[in-house]
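See structure below.
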There are 2 protein chains.
Amino acid sequence: MITVNALSEVAALMGDPARASMLSLLMDGRAHTASELALTAGVTAQTASGHLSRMVEGNLLAARAQGRNRFYRLASSDVAHAIESLMAVAGSRAAPASKAAAWRRDPDLRYCRTCYDHLAGQVGIAVTDALTKAGHLSPKGTQDWELTQTGELFCQRIGVDVAGARASGTRHFARQCLDWSERRPHISGALGAAIADTFFKRGWAERLRRSRTVRLTDLGRRAMHRDFGAAL
Amino acid sequence: MITVNALSEVAALMGDPARASMLSLLMDGRAHTASELALTAGVTAQTASGHLSRMVEGNLLAARAQGRNRFYRLASSDVAHAIESLMAVAGSRAAPASKAAAWRRDPDLRYCRTCYDHLAGQVGIAVTDALTKAGHLSPKGTQDWELTQTGELFCQRIGVDVAGARASGTRHFARQCLDWSERRPHISGALGAAIADTFFKRGWAERLRRSRTVRLTDLGRRAMHRDFGAAL
DNA sequence: TTGATCCTTCGGCCGCTGCCGAACGATTGA
DNA sequence: TCAATCGTTCGGCAGCGGCCGAAGGATCAA
């Protein structure tokens with residue numbers, strides 16, 4: 001009865017209050033950091049770390065390192081489905097969880113910032129989304145992007161130095177970088193840096209002093225609309 | 001976060017190997033006795049008893065006493081659905097579980113017998129099914145049956161003493177009795193006894209000596225076909 | 001390089017809970 | 001009524017597992 005054992009193991013993983021809290025938070029479909037999950041569960045970081053690695057081991061979660069942060073998300077929609085079924089049995093429906101409050105903090109930083117040397121935040125996501133929607137960019141594996149032929153032309157048109165990016169030695173060309181405020185991947189790597197360069201050189205964006213925060217100029221706003229088809 | 005607690009509690013109930021074994025067995029949708037579940041789980045009766053009462057308490061199972069046996073079944077389809085989702089996460093599909101072997105034992109007893117003073121086994125179920133399908137009988141609550149007007153006429157026609165059954169003092173008129181071999185309710189109570197009486201009086205069935213086993217006669221087989229519309 | 005932040009591993013404590021033996025009601029069949 | 005069967009409660013034991021403090025690696029900002 002290998003299936004019975006597997007059943008009880010999966011259920012047991014979900015059956016701890018701390019882990020259940022984490023899973024509940026992750027039901028929003030986004031990725032969360034270990035410390036955030038620890039806070040939610042009401043346990044210390046080291047305890048949370050143990051829980052998280054066990055859930056990764058049990059194929060409930062997927063982890064992804066991002067700088068000194070580690071983001072965790074549900075491993076599959078199957079997991080989300082199972083949790084929802086359990087909630088149905090529990091008889092109470094999942095609370096919508098008011099996140100509005102959290103979004104008030106640091107709105108500028110969340111709007112646009114540099115992530116190392118490329119754009120992040122809502123603007124970074126908007127750029128990435130626009131490129132993928134237009135067919136210029138498509139995910140390659142879980143870590144990279146592929147720049148299509150039309151993407152190559154598009155970059156040329158708006159003045160992104162693609163050739164320079166390709167020639168950047170050991171560096172990854174186009175990388176998927178998990179956005180910590182939007183919790184979705186944006187474009188990084190050499191191409192991401194080249195795109196950010198273009199934003200700064202053409203006066204579409206400017207760095208705020210002593211901060212990672214980036215301000216989108218009126219010119220940039222118009223460019224986002226005209227060249228990327230995104231309203232921001 | 002009342003929902004989180006409830007989630008972990010439900011999952012924890014399913015997260016024990018012994019309980020998971022029981023739940024797996026109960027996934028066939030039928031009711032099983034406590035001892036059968038104990039055997040399946042590989043624990044002693046008293047351990048199983050504890051598990052079962054906890055699962056009843058947690059609304060995972062429903063229990064029903066039947067003589068000195070106690071039958072347990074999944075409390076709802078929601079529970080079955082949740083278990084199935086967990087199995088999907090576990091990645092292995094539920095084994096069909098070869099039950100064919102078990103059905104070979106005591107085929108006569110399973111085919112037809114008396115349960116106290118009424119018919120049980122496949123014949124008892126067939127009679128009950130035929131009456132409900134024809135609209136003569138319908139469940140009333142979870143414990144009783146209601147005999148409809150057409151049912152009353154039908155009983156009159158085949159010679160069941162309904163009036164006598166109604167007059168039987170303190171006794172329940174038409175009761176749902178869980179069939180231990182078919183695991184589904186058949187008709188018992190005064191009406192069930194009266195129906196069985198008819199079967200014996202009209203030569204449709206005869207008791208085997210020193211046994212609860214009942215043999216359906218050729219006459220009875222024909223009656224089942226003609227009057228009940230059931231092939232047996 | 002230094003300090004700060006994020007996360008992990010290690011070690012030990014403690015409480016929960018699953019397990020069984022024993023004993024006891026309840027029901028059934030003879 | 002008596003014996004057998006089914007199921008339960010009780011008590012005690014043992015082990016798993018969740019928790020934290022301490023310490024250390026990795027990464028980032030200055």
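So you know, we letter chains A, B, ... as the sequences are listed, proteins then strands, and number each from 1.
Between the P atom of D:dT8 and the CG atom of B:L37 lies a distance of 10 Å, rounded to the nearest Å. Computed from coordinates, the A:F71 CZ to C:dT5 C1' distance equals 14 Å when rounded to whole Å. Atom C1' of nucleotide C:dT5 and atom CG of A:L39 are separated by 15 Å, given to the nearest angstrom. Remark: P of C:dG18 and CE of B:M22 are 11 Å apart, rounded to the nearest angstrom. Remark: P of D:dG17 and CG of A:L13 are 10 Å apart, rounded to the nearest angstrom. Rounding to whole angstrom units, CG of residue A:D16 and C1' of C:dT17 are separated by 14 Å. In this structure, the CG atom of B:N69 is 9 Å from the C1' atom of C:dT27, given to the nearest Å.
With C:dA4, C:dC7, D:dG7 as the choices, the nucleotide that has an atom nearest any side-chain atom of A:R70 turns out to be C:dC7. For A:R68, taking side-chain heavy atoms from C-beta onward, the closest of the listed nucleotides C:dC7, D:dT27, D:dC6 is D:dT27. Of the listed nucleotides (C:dT8, D:dG18, D:dC20), D:dG18 has the atom at the smallest distance from the side chain of A:R19.
Axis angle between the ends of the helix from C:dT1-D:dA30 to C:dA30-D:dT1, five pairs each and rounded to 10 degrees, works out to 30°.
Among all heavy-atom pairs drawn from A:H51 and A:A18, the shortest one is NE2-CB, 3.8 Å. Taking each heavy atom of A:H186 and A:A120 in turn, the nearest pair found is CE1-CB, 3.4 Å. Contact between A:I187 and A:T128 at its shortest, heavy atoms only, is N-OG1, 3.1 Å.
The closest donor-acceptor contact from the side chain of A:S8 to the backbone of B:D16 lies at 3.5 Å or more, if one exists at all. No donor-acceptor pair closer than 3.5 Å links the side chain of A:R70 to the backbone N or O of A:A65.
If you check the side chains of A:T44 and A:T47, you find a donor sitting under 3.5 Å from an acceptor.
Contact between the side-chain N/O atoms of A:S35 and the OP1/OP2 oxygens of C:dC7 is found at a separation under 4.0 Å. Between D:dC6 and B:Y72, no contact under 4.0 Å exists linking OP1 or OP2 to a side-chain N or O.
Sorted by residue number, the members of residues 44-60 of chain B with any non-hydrogen atom under 4.0 Å from DNA chain D read B:A45, B:Q46, B:S49.
Residue A:L61 holds its CG atom at 4.5 Å from CE of A:M55, rounded to the nearest 0.5 Å.
Under the 6.0 Å distance and 45° angle rule, B:R64 does not count as a cation-pi partner of B:Y72. For the pair B:R166 and B:F173, the cation sits on the ring face: its NZ or CZ lies under 6.0 Å from the ring centre, inside 45° of the axis.
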